[in-house]
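Here's the structure, in structure tokens; my notes come after.
Hydrogens, waters and symmetry mates play no part in the numbers below; they use all other heavy atoms, side chains included.
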Amino acid sequence: MSTPATDRINNALRAPADGTRAKVTREGWIGWGGVALGLLAFVITLPPFEVRTIVPSIVLAVVGVVLGVVAWRGGEKRIGGGAVAACVLGAVGAYGATKSGVSHLEVVVSWSALTAAMLRYAAPLTFAALGGLVSERSGVVNLALEGMMLMGAFFGAYGADKTGSWVWGLLIGVGAGMALAAVHAVFAISLRADQIVSGTGLNFVALGLTGYMYVETYGENGTPDDLPQVPDVRLHTDSLGFIGQAIDQLNLLVWGSLLAVVIIWVVIFRTRVGLRLRAVGENPKAAETVGIGVFRIRYAAVIASGGLAALGGVFLSIGFVHSFSQNMTAGRGFIALAALIFGRWRPGGLLAATLLFGFSSALAQRLPEFSPQLATLFQALPYVLTLIAVAGLVGQSKPPAADGVPYTREGK
């Protein structure tokens, strides 16, 4: 039986519920073609193709610019402008590649090594971005992802050290992130405090707490060298080309981050629990009218987001670096928020964004072969992309309708 409340929920959720996107126009496809040509203009100068003349790249870039202009004039200004930018950058990159020695290119552009490193750098961002997704889909902005990652990183290492088990370290780290998230939930949901202020304050709390405990526990010696580590998974796929070599030996939590993307997508878009979560994030008043517990779902979502973000921190300390250092997350929680905006609050989109950030970080580690100055500059790219995302220049991303809006029950 249809009621005004259920109609409001259905109207709010109709587009997100089926996970579909708006139909791409003819001009949109033309614009994406321009983007692809810009990318191709650069790729053909890299191993294994190694075209040593700039002419083919210039031709591809010019054609791509024309397609971008056509898309722009057809009304697809964002995609058209992106195509022009991609072609200009592709031509510049191709020029640099053709002027570089082949031996340098083969060292820097090792696709198997780059792909493996990209997945490793993307894993903590993916966990944190998924945490932000769960929280914001319920209507609560979680700016404390950075602090929750840091809590996971320290307490994951601390727990692994004290118990002698990486499993217990993982559980303790996740529990620490969830505890910090519970504090955020109390302020944001029950006390209806400003969610941005609450998240920012908790980031400072996590930074101070982990720094103090690190100094008190380990002093100048740092975490022990024999810290239990999350194991790698050996697949014996190194004979299957560069993809097989890239995934042949990745950490268990790297695979866990990819699996988490699928699980979160299924839960949010294909289950009754996900439907209720999205209903609370879009129209909490209508959701409560039909018997959905707004406060209960928001509490569960925020605490779950803390656990996911903490998994990213646990991976950093006992899965990747194999040690802990103060403030080792280094802004990754904020990059995860940018990935969430890039991905338009969808698991697949945020994964693409975290892979982009991860690739830029992986490439930055190999650029010293050309120039230390260039490598230092490129390491800033993830943060530049963060600024672009937050400024809204990469697309008109629309969060859930009730995101960041405290809810007050009727009559209270």
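Side-chain contact between Trp265 and Leu351 is absent, with no heavy-atom pair separated by less than 4.5 Å. A 4.5 Å side-chain heavy-atom check between Leu356 and Phe342 finds at least one atom pair inside the cut-off. When side chains are defined from C-beta on, Met328 does not count as touching Phe154, because their heavy atoms never get closer than 4.5 Å. Counting heavy atoms from C-beta outward, Val254 and Phe315 have side chains that approach closer than 4.5 Å. Contact annotation: the side chain of Ile30 never approaches that of Glu76 to less than 4.5 Å [non-hydrogen atoms, C-beta and beyond]. Side-chain contact between Gln229 and Asn251: absent, with no pair of heavy atoms (C-beta onward) separated by less than 4.5 Å. Looking at Arg73 and Val69, their side chains come closer than 4.5 Å, going by heavy atoms from C-beta outward. Val233 is not listed as a side-chain neighbour of Leu250, based on a closest heavy-atom distance of 4.5 Å or more.
The shortest non-hydrogen separation linking Pro124 to Gly312 is CB-O, 3.5 Å. Arg298 and Gly139 make their closest contact through NH2-CA, 3.8 Å (heavy atoms, listed as atom of the first residue, atom of the second, distance). Nearest heavy atoms, Val84 versus Val65: CG2-O, 4.1 Å. When every heavy atom of Ser305 is checked against every heavy atom of Asn142, the shortest pair comes out as OG-ND2, 2.9 Å. Nearest approach of Val294 to Pro284, heavy atoms of both residues: CG2-O, 3.4 Å. Taking all atoms of both residues into account, the shortest heavy-atom contact from Leu350 to Ala129 is CD1-CB, 3.7 Å.
Between the side chain of Ser135 and the backbone N or O of Gly132, no donor-acceptor pair lies under 3.5 Å. With hydrogens and angles disregarded, no donor-acceptor distance shorter than 3.5 Å links the side chain of Ser198 to the backbone of Gln195. Between the Glu146 side chain and the Gly331 main chain, a donor and an acceptor come within less than 3.5 Å of each other. When atom types are taken as modelled, the side chain of Trp111 and the backbone of Pro47 share a donor-acceptor pair closer than 3.5 angstrom. Formation of a donor-acceptor pair under 3.5 Å by the Thr271 side chain with backbone atoms of Gly274 is found in this model.
With rounding to the nearest 0.5 angstrom, the CG atom of Leu363 is 11.0 Å from the OH atom of Tyr121. The CG atom of Leu227 sits 9.0 Å away from atom NE2 of His322, with the distance rounded to the nearest 0.5 Å. In this structure, the separation between CH2 on Trp32 and CG on Leu37 is 13.5 Å, given to the nearest 0.5 Å. With values rounded to the nearest 0.5 angstrom, Asn203 atom CG is found 8.0 Å from Met148 atom CE. The distance from the CE atom of Met213 to the CZ atom of Phe155 is 4.5 Å, given to the nearest 0.5 Å. Separating the CZ atom in Arg234 from the OG1 atom in Thr237 is a distance of 8.0 Å, to the nearest 0.5 Å.
Using modelled atom types and a 3.5 Å distance limit, the side chains of Thr354 and Thr126 yield a donor-acceptor pair.
Around atom CZ of Arg272, no more than 12 heavy atoms belonging to other residues, nucleotides or ligands sit under 6.0 Å away. When the shell of 6.0 Å around OH of Tyr95 is examined, it contains 12 or fewer heavy atoms from other residues, nucleotides or ligands.
Just one of Val205, Asp194, Leu143 meets the side chain to side chain contact (heavy atoms under 4.5 Å, CB included) condition when paired with Thr200; it is Leu143.
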Query raised in the report: Going through the checks in order, is the side-chain contact (heavy atoms from CB on, under 4.5 Å) test met by Arg346 and Arg137?
Result: CA-CA 9 Å; Arg346 292 179 180 277; Arg137 279 288 182 176; 4.1 Å; yes

Requested in this report: Kindly determine whether Ser317 and Tyr158 satisfy side-chain hydrogen bond (donor to acceptor under 3.5 Å, both in side chains), including the steps that lead there.
Outcome: CA-CA 10 Å; Ser317 61; Tyr158 180 82; over 6 Å; no

Query raised in the report: When you look at Leu275 and Arg278, which way does the side-chain contact (heavy atoms from CB on, under 4.5 Å) test go after all the steps?
Result: CA-CA 5 Å; Leu275 178 64; Arg278 289 183 289 116; 3.8 Å; yes

Requested in this report: Let me see the working for Val141 and Asp403 under side-chain contact (heavy atoms from CB on, under 4.5 Å), right down to the final yes or no.
Outcome: CA-CA 6 Å; Val141 174; Asp403 192 21; 3.4 Å; yes

Query raised in the report: Yes or no on side-chain contact (heavy atoms from CB on, under 4.5 Å) for Ile268 and Leu133, after CA distance, side-chain angles and deciding distance?
Result: CA-CA 10 Å; Ile268 290 181; Leu133 172 69; 4.0 Å; yes

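In summary, the aromatic rings of Phe324 and Tyr218 are positioned with their centroids too far apart to meet the 6.0 Å limit.
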